[in-house]
Protein chains: 2
Amino acid sequence: MASRTVDPLSSVPVYRQVAAILRDRIESGDLEPDRPLPSETHLVQEYGIARGTARRAIEVLRDEGLVVTVHGRGTYVKPR
Amino acid sequence: MASRTVDPLSSVPVYRQVAAILRDRIESGDLEPDRPLPSETHLVQEYGIARGTARRAIEVLRDEGLVVTVHGRGTYVKPR
DNA sequence: CTATATTTGTGCGTATGTATG
DNA sequence: ACATACATACGCACAAATATA
């Protein structure tokens, strides 16, 4: 079960690759409404990326209205 | 007795400087085996650093096997 | 048993510096 | 010049574990 990974050499920015992975996990139901996304720290460890990159990925989903972030708590999947 | 301080402008990261100070205090016997290190909050006040930086410094020593950390209690010098 | 204080654990907000394509 | 990405480091807030009154 190789989970999807990131290709730092791709022309697609890493933060967009991570955003796409998370988006798929939301739409597939793997990440459920009102449940937290993996934390920035978790994403850093899971994908071997910098925290800023993890933040940018989450920012993409936030701009798309898929998630909401609460300071000090985490980022949550929006209920449909 | 000016205790060692930290230089935020150094090319050596602050958390590594603090780790080096604590390491020396352990090896000199100033911090004794089975005794607690200064708490994160104490390090923050003593060196004028952020808590996250103090935590990273302790993490270095933990990775080196010099100390062990117990949730809710503190970080202790490992017996030799 | 309850309440409080202390300490570590976790999570996000922000800023700066460096390096690369 | 610009976007991307990593590393460092400041901060705030709350949770969990522990110790003590």
Side-chain angles (χ1 to χ4, degrees), chain A residues 4-23 25-26 31-78, chain B residues 4-23 25-26 31-78:
Chain A
R4 291 173 62 186
T5 55
V6 153
D7 175 15
L9 302 182
S10 165
S11 64
V12 179
V14 174
Y15 75 91
R16 290 197 177 278
Q17 296 180 49
V18 175
I21 292 172
L22 294 175
R23 191 185 305 109
R25 289 182 63 183
I26 291 172
L31 295 173
E32 300 175 10
D34 289 319
R35 297 284 300 170
L37 262 65
S39 71
E40 294 174 358
T41 302
H42 188 96
L43 293 175
V44 164
Q45 295 168 345
E46 182 164 8
Y47 297 109
I49 59 179
R51 191 184 156 202
T53 305
R55 286 180 60 78
R56 290 199 66 178
I58 292 174
E59 184 185 20
V60 169
L61 303 182
R62 198 162 47 233
D63 290 347
E64 292 172 354
L66 290 178
V67 301
V68 289
T69 299
V70 184
H71 187 182
R73 299 211 59 101
T75 297
Y76 295 80
V77 181
K78 268 199 192 172
Chain B
R4 290 173 63 186
T5 57
V6 154
D7 174 16
L9 300 182
S10 166
S11 64
V12 179
V14 175
Y15 75 91
R16 290 199 177 279
Q17 296 180 49
V18 174
I21 293 172
L22 293 174
R23 190 185 304 109
R25 289 182 63 184
I26 291 172
L31 294 172
E32 300 176 11
D34 289 319
R35 295 286 300 169
L37 264 63
S39 72
E40 294 170 0
T41 302
H42 188 95
L43 293 175
V44 165
Q45 295 166 344
E46 182 164 6
Y47 296 108
I49 60 179
R51 192 184 155 207
T53 305
R55 287 180 60 78
R56 285 204 71 178
I58 292 174
E59 184 185 18
V60 169
L61 303 182
R62 200 162 44 235
D63 290 346
E64 292 173 353
L66 290 178
V67 301
V68 290
T69 298
V70 184
H71 187 183
R73 276 210 287 177
T75 298
Y76 294 80
V77 181
K78 269 199 192 171

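Chain letters run A, B, ... following the sequence lines, proteins first and then strands; every chain starts at 1.
Not counting sequence neighbours, A:R16 has no partner by the side-chain hydrogen bond (donor to acceptor under 3.5 Å, both in side chains) test. Residues passing the salt bridge (Lys or Arg N to Asp or Glu O under 4.0 Å) test with B:R73, sequence neighbours excluded: none. A search for salt bridge (Lys or Arg N to Asp or Glu O under 4.0 Å) contacts involving A:R62 returns nothing, not counting sequence neighbours. With sequence neighbours left out, A:T75 forms a side-chain hydrogen bond (donor to acceptor under 3.5 Å, both in side chains) with A:T69. With sequence neighbours excluded, no residue satisfies side-chain hydrogen bond (donor to acceptor under 3.5 Å, both in side chains) with B:E59. Remark: B:H71 engages no residue in a side-chain hydrogen bond (donor to acceptor under 3.5 Å, both in side chains) (not counting sequence neighbours). Here B:E64 pairs with B:R23 under the salt bridge (Lys or Arg N to Asp or Glu O under 4.0 Å) rule; sequence neighbours left out.
Nearest heavy-atom pair across A:L43 and A:P38 is CD2-CB, 3.8 Å. The heavy-atom pair separating A:Y47 from A:I21 by the smallest distance is OH-CG2, 3.3 Å. Heavy atoms only, all atoms of each residue included: B:Q17 and B:S10 are closest at NE2-CB, 3.5 Å. Here the shortest heavy-atom pairing between A:A50 and A:V44 reads C-CG2, 3.9 Å. Counting all heavy atoms, side chain and backbone alike, A:A57 lies closest to A:Y15 at CB-O, 3.3 Å.
Of the residues in residues 62-74 of chain B, those lying under 4.0 Å from DNA chain D by heavy-atom distance are B:H71, B:G72, B:R73. Using a 4.0 Å cutoff on non-hydrogen atoms, the parts of residues 44-55 of chain A near DNA chain D are A:G48, A:I49, A:A50, A:R51, A:T53, ordered by number.
The CD1 atom of B:I26 lies 11.0 Å from the NZ atom of B:K78; values are rounded to the nearest 0.5 Å. Interatomic distance, CD1 of A:I58 versus OG of A:S39, reported as 8.0 Å (0.5 Å rounding).
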Before giving the answer on side chain to side chain contact (heavy atoms under 4.5 Å, CB included), spell out for A:V77 and A:L37 the whole-Å C-alpha distance, their side-chain angles and the decisive distance to 0.1 Å. CA-CA 7 Å; A:V77 181; A:L37 262 65; 3.5 Å; yes
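Between B:Y15 and A:Q17, the residue anchored closer to the 5' end of DNA chain D is A:Q17, taking for each the nucleotide with the nearest heavy atom.
Running 5' to 3' along DNA chain C, contacts with non-hydrogen atoms of chain A at under 4.0 Å begin and end at C:dG11 to C:dT14. Heavy-atom contacts of chain A under 4.0 Å fall on DNA chain D between two terminal nucleotides, which in 5' to 3' order are D:dT4 to D:dA15.
In the helix from C:dT2-D:dA21 to C:dG21-D:dC2, the rotation axis of the first five pairs and that of the last five pairs differ in direction by 10°, rounded to 10 degrees.
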